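Okay, here's the structure, questions in a sec.
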2 protein chains.
Amino acid sequence: MDTTVPTLKDVARYAGVSIATVSYVLNGRRQANKTISEATRQKVLQAVSELGYTPNHVARHLRRQRTERICVVLPRLGVPYYEAFCQDIEAVAERYQYTVILSLTGTREKERKVLGALQHRLADGVIALHGDWESEELAQLSAMGIAVVVLDNYIQGKNVDVVRTTEEDAFYEAVSYLATKGYRKIVCFLGGDTRGTRYAAYQRALRDHNLPLDERFVVEGCGDRQIAYQETLKLLKLKDRPDAIFAGSDVAAISAIWAIRDGGLRIPDDIAIIGAGNIAEGEITVPPLTTVGPVSLDFSDVAEFLFDRLRNPDQQERVLLRQWKLILRGSA
Amino acid sequence: MDTTVPTLKDVARYAGVSIATVSYVLNGRRQANKTISEATRQKVLQAVSELGYTPNHVARHLRRQRTERICVVLPRLGVPYYEAFCQDIEAVAERYQYTVILSLTGTREKERKVLGALQHRLADGVIALHGDWESEELAQLSAMGIAVVVLDNYIQGKNVDVVRTTEEDAFYEAVSYLATKGYRKIVCFLGGDTRGTRYAAYQRALRDHNLPLDERFVVEGCGDRQIAYQETLKLLKLKDRPDAIFAGSDVAAISAIWAIRDGGLRIPDDIAIIGAGNIAEGEITVPPLTTVGPVSLDFSDVAEFLFDRLRNPDQQERVLLRQWKLILRGSA
DNA sequence: TTGTAGGCGTTATCAG
DNA sequence: CTGATAACGCCTACAA
């Protein structure tokens, strides 16, 4: 196994030209007037292909002082929209000739590790999806010249760009919708991505509609299918069982649908359900899932937001707002 | 915004010592006998913390000729076991002080891009989960000194380590199980991760049990929940509707369960279902999902496999076999 | 115990 | 049109 990889020097020697010349032909960033004769050009390209030369990006990055790479930081996999999100980011990144890598956090500890990696120039820019970042940490990255975009409705961006959603308004609208339809005992599932805004909106809506807040109807840990299923079954057994569930995530809502159906009740007549996130799976449930989700499923704007910052690092911090809405289908 | 980041040189000047000294105290790789006086040590550490120095890994990687990073290449997100997989890999990587990054392929084109990034030293090692890699491409990486582990049951590893599963045997066992239970019209869903082995096992089992292969019962594109749901509904409408579904993926199987229940039929009496992958969600379906899956859900061995290669690049190519089995629950 | 200096592979400036 | 050459930030053999 030959572990030795050809370098510019090898190509230069092989082609009988100087290192500089090879570099020129490979990435013609000569300043406007420089040019290369077709003959040497060919010689060089020939050498490159015969030796199977590929540029060493590590060296290039050191020299250029950037990695031409961005990092998308996800708290976990398995969230349906992450895939679409990443694809949109990658599509834009490609236009800018950037590579996209993903980092998984999940725990606070891992979050610090990723932070460390970024400080060590893992990438020129970061898109962080709602983690537990402290704003100083992100500010520090930004102070190091790393472009940071964070998607979070609560974080106070110190020197970083923030993407927020109008999800709280949409959640409020959802719960209000249930209330005005006459549902009185509305459960709120907690857990999952939109934890914070969700509960706030729920409380606000109950209050505005003069509904009491019953603590048994606020259920923790429903970010995951199994738990949501089981918690729903439990709720069904209550003497005064709820008549609506504001599930706050589509997967939890879908589990609730199954649980209710397995329990022999009808949706939305006996119990209404509203999810959140608007995942495709919600269109094939029976009944189809009423949910709350983003108006646009195209996340290119988030990527452009980052690249704009990358292009122009010294501009003021900005906020990008993405609209959410209530999507009425059959389950409520 | 101060975009200038302190370097070793800055620390050295600030502490009033030489660059080399700083380097020594920060990573004491002095050759056995070298040592640093406590006084300078403190001076240096002080300087480091006051300046907020963080090593520039790009430079370090160039110098050390490795990135101390491994890359896990996923064809897509949203496959339930990927998350656990990545966590296991990261846990091991951490012990070796390696960073883990993820790359998404999905399309052949993206696959080539990731390949390019790797050739440019994105990472020292790769773990590729069943993509459409050609073995020459991987061999080329390996020839460049990049450690490659690929999880695939078909690929002929030229100079790369391969992780295979006994899934084909387990699939065969699953279909045979259906046949011996008396099911005659067994559908096979295609699409998703285990496409290749699945169909082969299905054919073999039908043949061995003298069952005809009915082309209407081989359904493409069932890697995804919606399609599986709809295809199942279609199958139910056939005059001679099937009496069993070998879904080949748990999410497809679960969609089939819903479709069958929505169609008013009973499982497994009217139709039996077997999935594949053994995801947690299969334990809460009604009835619980009979499936085929790995005996062990711990993937550390895969990571160790890679690090072993990293440590010892010149050893012969190897194969790691992971056992799969049929897991009987209620749906078949 | 600490410092000097060369080089990792590229890019870019400046002469030729 | 092409070639030396000096960085980029870090590591390390060797010298002091």
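This structure is a prediction, so every number in the text was calculated from the model and none was measured. Labels below follow one simple rule: chain letters A, B, ... track the order of the sequence lines, proteins then strands, and each chain is numbered from 1.
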* Asked: With the threshold set at 4.0 Å, does a side-chain nitrogen-carboxylate oxygen contact exist between A:Lys113 and B:Glu94?
  ->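 Looking at A:Lys113 and B:Glu94, the cut-off is met.
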* Kindly say if B:Gln65 contacts the phosphate of D:dC11, meaning a side-chain N or O under 4.0 Å from OP1 or OP2. =>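 For D:dC11, OP1/OP2 do not have a side-chain N/O of B:Gln65 under 4.0 Å.
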* Charged N to carboxylate O below 4.0 Å: is that the case for A:Arg108 and A:Glu134? ->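 Yes.
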* Asked: Any idea which of C:dT11, C:dG9, D:dC11 is nearest the A:Leu8 side chain?
  ->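 So the nucleotide nearest the side chain must be C:dT11.
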* Asked: Taking the side chain of A:Arg64 as heavy atoms from C-beta outward, which of C:dT11, C:dT10, D:dC10 is closest to it?
  ->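 Side chain of A:Arg64 sits closest to C:dT11.
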* To do: Using a heavy-atom cut-off of under 4.0 Å over every strand shown, decide if B:Val58 touches base, sugar-phosphate, or nothing.
  =>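 Result for B:Val58 = nothing.
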* If each of B:Leu62 and B:Thr21 is mapped to the nucleotide of DNA chain D with the nearest heavy atom, which maps nearer the 5' terminus, i.e. the 5' end? ->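 By nearest-heavy-atom nucleotide position, the 5'-most residue is B:Leu62.
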* Asked: What is the distance from NZ of B:Lys43 to C1' of C:dT2, rounded to the nearest Å?
  ->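 Distance check: B:Lys43 NZ to C:dT2 C1' gives 10 Å.
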* Ionic contact status for A:Glu109 with A:Arg112, cut-off 4.0 Å ->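 Looking at A:Glu109 together with A:Arg112, the answer is no, because their closest N to O distance does not fall below 4.0 Å.
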* Tell me which nucleotide among D:dC10, D:dC8, C:dA12 gets nearest to the side chain of A:Tyr24. =>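 Among the listed nucleotides, the one closest to the side chain of A:Tyr24 is C:dA12.
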* State whether the distance check finds a donor on one side and an acceptor on the other, under 3.5 Å, for side chain A:Arg63 versus base C:dA12. =>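 Donor-acceptor pair under 3.5 Å: no.
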* Asked: Between A:Val149 and A:Arg309, is any pair of side-chain heavy atoms under 4.5 Å apart?
  ->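 They are not in contact (no side-chain heavy atoms under 4.5 Å apart), so the answer is no.
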* Which comes earlier along DNA chain C counting from the 5' end, the contact point of A:Asn56 or that of B:Ser18, where each point is its nearest nucleotide? ->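 Of the two residues, B:Ser18 wins.
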* Asked: Between D:dG9, D:dC14, D:dA4, which nucleotide has the shortest distance from any of its atoms to the side chain of A:Ala20?
  ->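 Ranking D:dG9, D:dC14, D:dA4 by closest atom to the A:Ala20 side chain puts D:dA4 first.
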* Asked: Reckon B:Thr40 has a side-chain N or O less than 4.0 Å from the OP1 or OP2 of C:dT1?
  ->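 No, no such contact exists.
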* Asked: Between B:Ser37 and C:dT2, does any side-chain N or O lie under 4.0 Å from OP1 or OP2?
  ->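 Answer is yes, contact under 4.0 Å.
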